[in-house]
Number of protein chains: 2
Amino acid sequence: MKSDESPKATSVRTFELMWGVREQSSRGPKQGLTIEAIVRTAIELADAEGLTALSMRKVAERLGVGAMTLYTYVPGKDELIALMIDAVMSERPDRRDAEGDWRARLELVARDGWDLCHRHMWLVDVGSERNLVGPGQMDAYESELSAIAGIGLTPTEMVSVISLVTGFVGGAVRGAVQVIQEERRTGLTRDQWWEQIAPVFDKYIAYERYPTVMSTGEAESHADGPKEAFEFGLARVLDGIEVLIRSRR
Amino acid sequence: MKSDESPKATSVRTFELMWGVREQSSRGPKQGLTIEAIVRTAIELADAEGLTALSMRKVAERLGVGAMTLYTYVPGKDELIALMIDAVMSERPDRRDAEGDWRARLELVARDGWDLCHRHMWLVDVGSERNLVGPGQMDAYESELSAIAGIGLTPTEMVSVISLVTGFVGGAVRGAVQVIQEERRTGLTRDQWWEQIAPVFDKYIAYERYPTVMSTGEAESHADGPKEAFEFGLARVLDGIEVLIRSRR
DNA sequence: ATTCTCTCCGTACGGTGTACGAAATGATAT
DNA sequence: ATATCATTTCGTACACCGTACGGAGAGAAT
């Protein structure tokens, strides 16, 4: 990012990039790339290798340009990641006019979020320093809030309900993606991995200290997959929301 | 990490570090540090500057040793982070014998998780590649499962309920910590930040495309803080679990 | 034809994790 | 007492990272 640019100026610039309003200059050579091509290439790289492996040099190499060329288009790496996030959020279906009751509609947007994070698993590795909202996220938010419009909740409750559902999805997805990434990294399923490690664990862990863990331990190895755990959790969350809604009638 | 060490050997070594079973050697000079001192210093650094600012050189500098000295004690940076996580998890109170009904006990462990993440906000920036469980995490898990022991859930349901609660806490905490870190970074409250940025938003965003967002927009600015949103969400989650439990009686 | 603005990007800087091997320490064996 | 062996410490080096700076060239405006 330009060293003489203030954080606010950088945010404004990033915001304009997100909302697609930067105009082409009339002087100088024409740009050989587009911000969309850069973002798409970065997404492909992150999909293939993970967010920690993403670098400006690698993105530039894939595009056949110098690394410093990218800085003509984006202020810096953090802004590129922000653009990536918003771009993938744009993949989410528009659910403003979804049919069914509030519960069916919330299930829909929750599963949209789950599916998106499985298509782009690097989303769980995004750091906590993201502050700008692009059209992709705004559209998703409109879909989410629309799912519970007109059912008797106050605006504050609506915001809280959506925070609850998206927070739950985020947590569930993180656990699920962790398992998938682990299996890819080790080349072993979770069971195979634990089988290898178990002799070491048995040697050192005082299992009598963990009676409840041990008594559910087999459950964990037989447990349904992450998707089933997600659906189980989602049903509970929605049951809880239903209790709130019923209390308003 | 030792280049000739297999991933399994590294995991075994890290596991032994976590469970505190590595023995001192009888030959050569005595070690000048302990793994505990290294982990504690790393935690302090992460607390002060965030996980992205944590580096082996900075930890070593704080300890007054060479960066390469740390590699005598830990295989690498990723393993150090794993040890950090387990160390802070050990701060969580032991809730095995918590009083009250299942709901009160789940609230307790959920708030323990919330409080821990606010004491060590870098926990939300931990990547997804963590696979070893230390005593800190095992103890926390035993506390969590104990909260819902003996209330009629199957072992699989118990595991799923705890996944739900911890997943929800993780998602909620992430949102809350994001706000806090943002305010620290910009030196502005969220409202002040949006006030600065609003003219730009007003200039570009077609608000008519987001009627539901707009109608709750004021709610979001007046909304209770992250803690209230957390408690709201927790109540809903527990309501949902209660529905499940009641269906078993 | 000249000036101005922009694009591209090489170079350089300061930072990162960590492999390798040397020097010193200190226990063990002779 | 000396030699050998194992360990600790850590400097150096390597490959990688993000990005500041400024130069060369392209192309529009004057």
Side-chain angles (χ1 to χ4, degrees), chain A residues 1-7 9-10 13-14 17 22-35 37-38 42 45-46 49-84 125 127 129, chain B residues 1-7 9-10 13-14 17 22-35 37-38 42 45-46 49-84 125 127 129:
Chain A
M1 126 175 72
K2 293 181 172 64
S3 63
D4 62 341
E5 202 174 44
S6 69
T10 302
R13 192 175 160 213
T14 308
L17 285 168
R22 280 194 84 82
E23 287 173 16
Q24 188 102 359
S25 68
S26 61
R27 290 204 188 198
K30 289 182 173 52
Q31 287 184 331
L33 287 169
T34 61
I35 185 62
I38 294 171
L45 222 169
E49 302 179 26
L51 194 63
T52 56
L54 181 80
S55 74
M56 302 298 271
R57 287 182 170 84
K58 285 179 178 172
V59 174
E61 187 177 15
R62 278 204 180 200
L63 288 160
V65 299
M68 297 319 304
T69 298
L70 301 185
Y71 291 86
T72 303
Y73 298 83
V74 295
K77 184 182 180 185
D78 287 341
E79 291 76 21
L80 174 59
I81 293 174
L83 288 157
M84 287 163 67
D125 287 315
E129 65 290 337
Chain B
M1 130 170 66
K2 294 182 173 61
S3 65
D4 61 342
E5 202 175 46
S6 70
T10 303
R13 190 174 161 215
T14 308
L17 287 169
R22 281 193 84 82
E23 286 172 16
Q24 189 101 1
S25 70
S26 60
R27 290 207 187 195
K30 287 183 174 52
Q31 286 185 333
L33 287 170
T34 61
I35 186 61
I38 294 171
L45 222 169
E49 302 180 27
L51 194 63
T52 55
L54 182 80
S55 73
M56 302 299 269
R57 287 179 172 85
K58 285 180 181 173
V59 175
E61 186 179 15
R62 277 206 181 199
L63 288 159
V65 298
M68 297 319 303
T69 299
L70 300 186
Y71 292 87
T72 304
Y73 298 83
V74 296
K77 186 182 180 185
D78 287 341
E79 291 75 19
L80 174 58
I81 294 175
L83 288 157
M84 286 163 67
D125 287 314
E129 65 292 335

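Each chain gets a letter, A, B and so on, in the order its sequence line appears, and its residues count up from 1.
Heavy atoms of A:Gly28 sit under 4.0 angstrom from at least one base atom. Counting any heavy atom pair closer than 4.0 Å across all strands shown, B:Met56 reaches sugar-phosphate atoms only and no base atom. Residue-level contact check: B:Thr69 touches the bases, meaning some heavy atom is under 4.0 Å from a base atom.
The CG atom of A:Asp78 sits 10.5 Å away from atom OG1 of A:Thr10, with the distance rounded to the nearest 0.5 Å.
For the pair A:Leu70 CG and C:dT7 C1', the interatomic distance rounds to 13 Å; values are reported in whole Å. Atoms CG (A:Leu51) and P (D:dC17) sit 14 Å apart, rounded to a whole Å. Rounded to whole Å, atom P of D:dC17 lies 10 Å from atom CG of A:Leu45. One interatomic measurement links the two molecules: NZ of A:Lys77 to C1' of D:dA20, which rounds to 18 Å at whole-angstrom precision. Across the protein-nucleic acid pair, B:Gln31 atom CD and C:dA24 atom C1' stand 16 Å apart, rounded to whole Å. Per the geometry, CE belonging to A:Met68 stands 15 Å off P belonging to C:dC13, to the nearest Å. When the P atom of D:dA15 is taken as reference, atom CD of A:Glu61 falls 16 Å away, rounded to whole Å. Between the C1' atom of D:dG11 and the OH atom of B:Tyr71 lies a distance of 14 Å, rounded to the nearest Å.
In terms of position on DNA chain C, the residue among B:Arg27 and B:Leu54 whose nearest nucleotide sits closer to the 5' end is B:Leu54.
Across all their heavy atoms, B:Ile35 and B:Tyr73 have their closest contact at CD1-O, 4.0 Å.
Closest to the side chain of B:Thr72, out of C:dT28, D:dT8, D:dC17, is D:dT8. Of the candidates C:dT16, D:dG18, D:dA28, D:dA28 carries the atom nearest the A:Lys30 side chain, counting heavy atoms from C-beta on. Counting only heavy atoms from C-beta on, A:Ser55 has its side chain closest to D:dC17 among D:dG11, D:dC17, C:dG10. Minimum atom distance to the side chain of A:Pro29 is reached by D:dA26, of the listed D:dA26, C:dC9, C:dT16.
Taking 4.5 Å as the limit, every side-chain heavy atom of B:Ile38 sits out of range of all side-chain heavy atoms of B:Leu83. Between B:Leu63 and B:Thr69 the shortest side-chain heavy-atom distance does not fall below 4.5 Å.
Between A:Tyr73 and C:dC8 there is a side-chain N or O to OP1 or OP2 distance below 4.0 Å. One finds no side-chain N or O of A:Ser25 lying less than 4.0 angstrom from the OP1 or OP2 phosphate oxygen of C:dT5.
In the interface, the side chain of B:Arg57 is not paired with the base of C:dG15 through any donor and acceptor atom under 3.5 Å apart.
Between B:Glu79 and B:Arg13 there is no salt bridge, since no side-chain N of the basic residue sits under 4.0 Å from a carboxylate O of the acidic one.
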